[in-house]
Amino acid sequence: MKIMVIDGNSILNRAFYGIRQLTNHEGLPTNAVYGFLATLFKLQDEEQPDRTIVCFDVKEKTFRHLKFDTYKATRKGMPDELVAQLPITKQVLDALGVTRCELAGYEADDLLGTISRRADEHGDTCVVVTGDRDSLQLVGGGTTVMLVSTRMGQTTYQTYDTAAFREKYGFDPIRLIDLKALMGDSSDNIPGVPGIGEKTAMQLLHDFGTLDGVYANIEDERIKKGARTKLQNGEQSAKDSFWLATIDRNVPLDLDVEHLPAQDIDETALYDLLTRLEFKNFIKRFDLSGESVSAPRLPELKTERVENVLEAFNLMDSLTDCDRVYAIVPETLGAVCLLDGDTAHILFAESFGDAWNDILRRLFDGTLSLVLHDAKAAVRALLQRGMDPKGIVFDTAIAAYLLDPTQSGYDLPRLALAYCNAELPELDLDDPAAVSLLGGQEDTEKAVAQHVGALRAIYAEAADRIEQLGMRKLYYEIELPLLRVLAEMEAAGCAVEPDELRAFGDKLDVRIRDLTEQIYHDADGEFNINSPKQLGEVLFEKLGLHAPKKTKTGYSTNVEVLERIAEDHPIVPRILEYRKLTKLKSTYVEGLLKVISPVDGRIHTHFQQTVTATGRLSSTDPNLQNIPVRTELGRELRRMFVAPDENHVLIDADYSQIELRVLAHISQDEHMIEAFRHGQDIHAATAAKVYHVPLEEVTPQMRSSCKAVNFGIVYGISDFSLAQDIGVTRKEAGEFIKTYLDTYPGVKKYMEDIKQTGREQGYVSTLFGRRRALPELKSKNFNMRSFGERVAMNTPIQGTAADIIKIAMVRVRDRLLRDGLQSRLILQVHDELILEAPKDEQETAMHLLTEEMEHAFQMDAPLVAEAKAGHSWYDAK
DNA sequence: CCAATATTG
DNA sequence: GGGAACAATATTGGA
């Protein structure tokens, strides 16, 4: 029999330091568990042991150190993050059916020694796996030691038997003990003989074989005089060290090595644990379906190709009476899959030629109740074909997002795994090759059938949970209608001035080239200015400037740092300007030019509806929510976003202080509400209260500090960051916050309450019932918990504001339609909506826009929106 | 693929 | 005793 014995502590440690930051949704660090399991599985695969045993230290003083109190170990404690992973590692091992072994007062290596000795006595072979070189003394007989070492992220495994050890070290493994007794080991707190180092120790062993041999021949001429004195003085220390270095191979361990139970996996427990740890690839490895835990696997579906038009229409007619019609509709609209009972009907565009548009039109004519996944892309495509898609009653991606907005993605295979424990194949119906008649269509058909089957199962579960969590209105009255609005906005796009954009870019280029040259001159040599690493070296080494801050990897060279040292050398302001200009050039000028549609010359962003944890939208390809505005030069870019012609204008309306108004409303703070009701400048009003002066006597500095606190409050303030922000001491900032909270006691109470309810419920929610789970609030880790608390304070505010503008968007769009106006929404930037309007509708549209925004929700601190019109975004703001 | 840096609300 | 502001996306350089 072959037994593998693993030093659990040593391997966990290695894994912990080898893999960076890995946490699951509970906020539990998982890097060590992960690395440990990866190592375990790899070794089991390669070594194929009959039995596996994992040994752990039981912390505190170990047996040997107790005996030698003077040499008490000052072992470095494990970091909290690693300790936190110990229990779950043991649980996983238990679930795996791996024998686990620990004994109070003994280190893992004593257990390894004992088990390997017993195995050896029974004639079994034993592989000891550890990262600790000391354990090499165990090599011999049937015992080999596999040394695991990690260098530069590369893990290597080296197996030693007696021969391999001799070859490398030139003596027998057991003599490692003698060696240590002589030379000591500082990392293990073994003193050895003071003054004897590795060289002398090796020579002594070479000459006399053992420690005892050395002392028996202490007068031998081969021992130099100095060494002899040291050895004589250190004799007791050497003997103690010998004892300390000896792994105890006779531990009173209650483990029958001959009758170890076979490894018996508890699939249910293992599945649950691995799910909790989010180790999906390990779940896969064991082919754990989770069947026994929850839902059954998805049923097999028949697939049927639909190839003639009549058949297609008949199918859709027959589906008209269905309660729900599950459909896979890819963005390219190159194929469609419809589920009817246990049959997945698949239609490929190329089978229908010109009739395909008629089929799509019929499908989306509003007579079928369609359940789709990620419908926005398809809706946008349909709109761009001049259709008016109707009948979408559910989108599983959006539903899953509402149920947990913090997931990293919501593609169908992922949801299928989460909701049905089903593995879905990759499917890319948007890839023309995949839908081509020529190749691989069998597989495509099967895959799409599985997808549509999963869609049905996910729908059933998700729709139910939306109800249970009280998100019906949020889902059906805000998010689902918004899907259509966003698709329309994306399809509409925004007109731009490519020539002016290029001209702007050329202007930047001239200046960038100029700066580059000067910077090279200042630095007395060329380097890559864009590389923070190289820049840091130039500034802080070559030029010897004082480095005020560091990052994990080196010098920090960000704006704050550079501004602080701007006076010290003329290169610094040039770098600051260089940074600003290259940012504008690469991200905005080049980035935007790249995404101008060749079809209509406009820019069509993609609004992501299932990304942010708070409920906000985001914008990608390109991101039109971070077009510069704060600096004059950057703001110039907004002149490039324009109304398409002289007969149109852009109308830009933004909410005034929406987040603070939401805070006032949610917290029901009388004073803050009053300030807003009176239409006061909230930062000035806050200053008047905090400083106890009349409103007229508030200085700009006072207002500015209070503005910073108002912002800070929304983010979950700390005295440290506020101090940094407004440039006072941490103590002053702390007192300032206190005064602020006394001024707005309702706010203070809200901040306290939300943390508590968040902790009790496990989540926080917006006024419209949008949720965000916050397991961090229960974390024992201060940083983690503090983050949870700030998020608990911020999410209801940011999220409610997001809900409100979403409502406004749906209403604005519906109202424009209802009133028969040509104006259309084209952009949203969190608290700002932008319309493209015919000039003759300008006044009407501006009025409509502000009205719908302000009336989107009745708050105690009333919503205020202000609109402005102009030819470009620059002019409209 | 991540870290650093920049841009926005 | 330290830690240390909320939410995003794009570009660049470098392991």
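First the proteins, then the strands, lettered A, B, ... as listed; each starts at 1.
Under the salt bridge (Lys or Arg N to Asp or Glu O under 4.0 Å) criterion, A/Asp831 pairs with no residue, sequence neighbours left out. Residues meeting the salt bridge (Lys or Arg N to Asp or Glu O under 4.0 Å) test with A/Lys749, sequence neighbours left out: A/Asp753.
Checked against the 6.0 Å centroid criterion, the rings of A/Tyr740 and A/Tyr744 qualify as a close aromatic pair.
Taking CG of A/Leu592 as the reference point, atom CD1 of A/Ile603 lies at 4.5 Å (rounded to 0.5 Å).
Picking from C/dA15, B/dA4, C/dA7 the nucleotide with the shortest atom distance to the side chain of A/Lys533 gives C/dA15. Comparing B/dA3, C/dA5, B/dG9 against the side chain of A/Ile717 picks out C/dA5 as the nearest. Of the listed nucleotides (B/dA3, C/dC6, C/dA8), C/dC6 has the atom at the smallest distance from the side chain of A/Val791. The side chain of A/Asn558 approaches B/dT5 more closely than any other nucleotide in the set C/dA7, B/dT5, B/dT8. Ranking C/dC6, C/dA10, C/dT12 by closeness to the A/Arg790 side chain, first place goes to C/dC6.
A side-chain donor from one of A/Ser408 and A/Arg414 sits under 3.5 Å from a side-chain acceptor of the other.
Using a 4.0 Å heavy-atom criterion, one finds that A/Val714 contacts no nucleic acid atom at all. Using a 4.0 Å heavy-atom cutoff across all strands shown, A/Arg579 reaches sugar-phosphate atoms only and no base atom.
Listed by residue number, the members of residues 721-737 of chain A with any heavy atom below 4.0 angstrom from DNA chain C are A/Ser721, A/Asp725, A/Arg730.
Taking only distance into account, the side chain of A/Asn626 meets the base of B/dT7 through a donor-acceptor pair shorter than 3.5 Å.
Aromatic stacking of A/Phe720 on C/dA4: satisfied, with centres closer than 5.5 Å and planes within an angle under 30 degrees.
When every heavy atom of A/Gln609 is checked against every heavy atom of A/Leu483, the shortest pair comes out as OE1-CA, 3.7 Å.
Checking A/Thr620 against A/Tyr715, the closest nucleotide of DNA chain C that is more toward the 5' end is the one next to A/Tyr715.
Taking atom CD on A/Gln608 and atom P on C/dA8, their separation rounds to 12 Å, with Å as the unit.
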